[in-house]
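What follows is a short report on a single structure.
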Amino acid sequence: MKSLFSTVALAFVAVAAFAQQTAEYNIKGTCAADVKKVYIVNPMARGNKALCDSAVVEAGKFALKGTAQKDALLRIYAKNTPYAMPFFNDGTPITADMVKQTVSASEQNNKLVAYDKELDAMNAELRPFFDEYNKARQSGATNEQLGALGKQLEAKMAPVQERIKNRTLEIVNANKDNLIPAAFLGNLVYELEYPQLKDLFDAKYAYVNHPALARANQTVKMLAKKAAFIGQKFTDLEENDVNGQPHKLSEYLGKGNYVLLDFWASWCGPCRAEMPNVKAAYEKYKGKGFNIVALSFDNKLENWTKAIEDMQMPWIHLSDLKGWKTVAGQIYGVNAIPASFLVDPNGTIIAADLRGEKLEAKLKEVYGE
């Protein structure tokens, strides 16, 4: 289960498939009387391109008609309304009730909206936990306090997250013959192990190359590269410590202890949010020889060293201060952070991306307690 407050910064990569044809959308609907305007938006687009169309609401009714990329995953949205209704632009007329959150459309879109509403209701159960965390952060809680609170909330959220994951997987598996998985599969890329993802992202499925899965496809490719490292000896490299002194990974890896290679940066919010989990694992197992070599994607020495001091990270730190061009990222195929590899006492990589409770669980397994 992914950590409560960690997401991965990943560059958007467009998928060429689905871009050759357009289809007409013809939408009629009703909404709350106080709604002035409705919009069609493309969540995958950016800036002004995200807005596809809009219509003025008159007496609680609206109509939208135009063309967009065929089978694009779009949403009907109105300001100050809690739900944005999804639809695939498959050319079938749509009648939408934004109040009841129901739709009359193609079989595929009818199922899509029903699934989306179901998962949206389940995700709503998580919102109070995020609200509690954000309230603590805004009140000036320390990193240590936020870390402790985060772990408490994650434990409470875990059963709900597990239900969401399982239900999402059920939906995907039940719809491999249509495009519906494109709307939901991206939410599972850090929830499932790579072998299962490899099967779900098999090119034989039509949904795999849908633009809505562009980021997910890039992530799965990244995970495939990381999976190839597992079972292999670590690759040595040399970078400087915070004092400018060069060190090789071979000084620390393959010396009889388990070592976590942790890829991070001071500017990476998800990395900082993950750090309390890393610190907890370090404190628990350092007495058994567990160590961490943190490889930073920073490019400014002062930012790097300040973050280490502020977050009190008492392990080994190396960087060439080249940002995304760091040799560590190039050698280990890391193009999104946080990322990590666990190296065994003989220098063999045995696991990747052990975030949240996964890190402590793996260390408990290898240390036997």
CD1 on Ile76 to CG on Asp53, rounded to 0.5 Å: 11.0 Å
Carboxylate-amine/guanidinium contact Lys135 Glu132, below 4.0 Å: no
Results of salt bridge (Lys or Arg N to Asp or Glu O under 4.0 Å) for Lys284 - residues two or more places apart only: Glu360
Minimal non-hydrogen separation, Val35 against Val38, with atom names: CG1-CG1, 4.2 Å
Between CG on residue Asn26 and OG1 on residue Thr92, distance to nearest 0.5 Å: 10.5 Å
Separation between CZ of Arg272 and CE of Met313, rounded to the nearest 0.5 Å: 8.5 Å
Residues Lys300 and Asp298 bridged, charged N to O under 4.0 Å: no
Leu112 CG to Leu73 CG distance, which is reported to the nearest 0.5 Å: 6.5 Å
Set of residues satisfying side chain to side chain donor-acceptor pair (under 3.5 Å) with respect to Asp320, sequence neighbours excluded: Thr326
Phe234 versus Gly254, closest heavy-atom pair with distance: CE2-N, 4.4 Å
Side-chain donor or acceptor of Glu251 paired with backbone N/O of Lys248 under 3.5 Å: yes
Steps toward side chain to side chain donor-acceptor pair (under 3.5 Å) verdict (Asp90, Ser106): CA-CA 8 Å; Asp90 56 15; Ser106 64; 2.7 Å; yes
From CH2 (Trp264) to OG (Ser340), nearest 0.5 Å: 14.5 Å
SB check Arg127 Asp120 (cutoff 4.0 Å): yes
Leu74 to Ala68 - nearest heavy-atom pair and separation: CD1-CB, 4.1 Å
Nearest non-hydrogen partners of Lys37 and Ser54, listed with the distance: CE-OG, 3.5 Å
Centroid separation Trp267 to Trp324 less than 6.0 Å: yes
Side chain to side chain donor-acceptor pair (under 3.5 Å) between Asn89 and Lys70, worked out: CA-CA 6 Å; Asn89 189 38; Lys70 188 178 186 309; over 6 Å; no
Salt bridge Lys176-Asp202, side-chain N to carboxylate O under 4.0 Å: no
Between Tyr258 and Tyr285, ring centroids under 6.0 Å: no
CG-CZ distance between Leu363 and Phe290, expressed to the nearest 0.5 angstrom: 4.5 Å
Evaluation steps, salt bridge (charged side-chain N to carboxylate O under 4.0 Å, His left out), between Glu58 and Lys61: CA-CA 5 Å; Glu58 296 182 1; Lys61 296 182 179 181; over 6 Å; no
Pi-cation contact, Phe87 with Arg75 (under 6.0 Å, within 45°): no
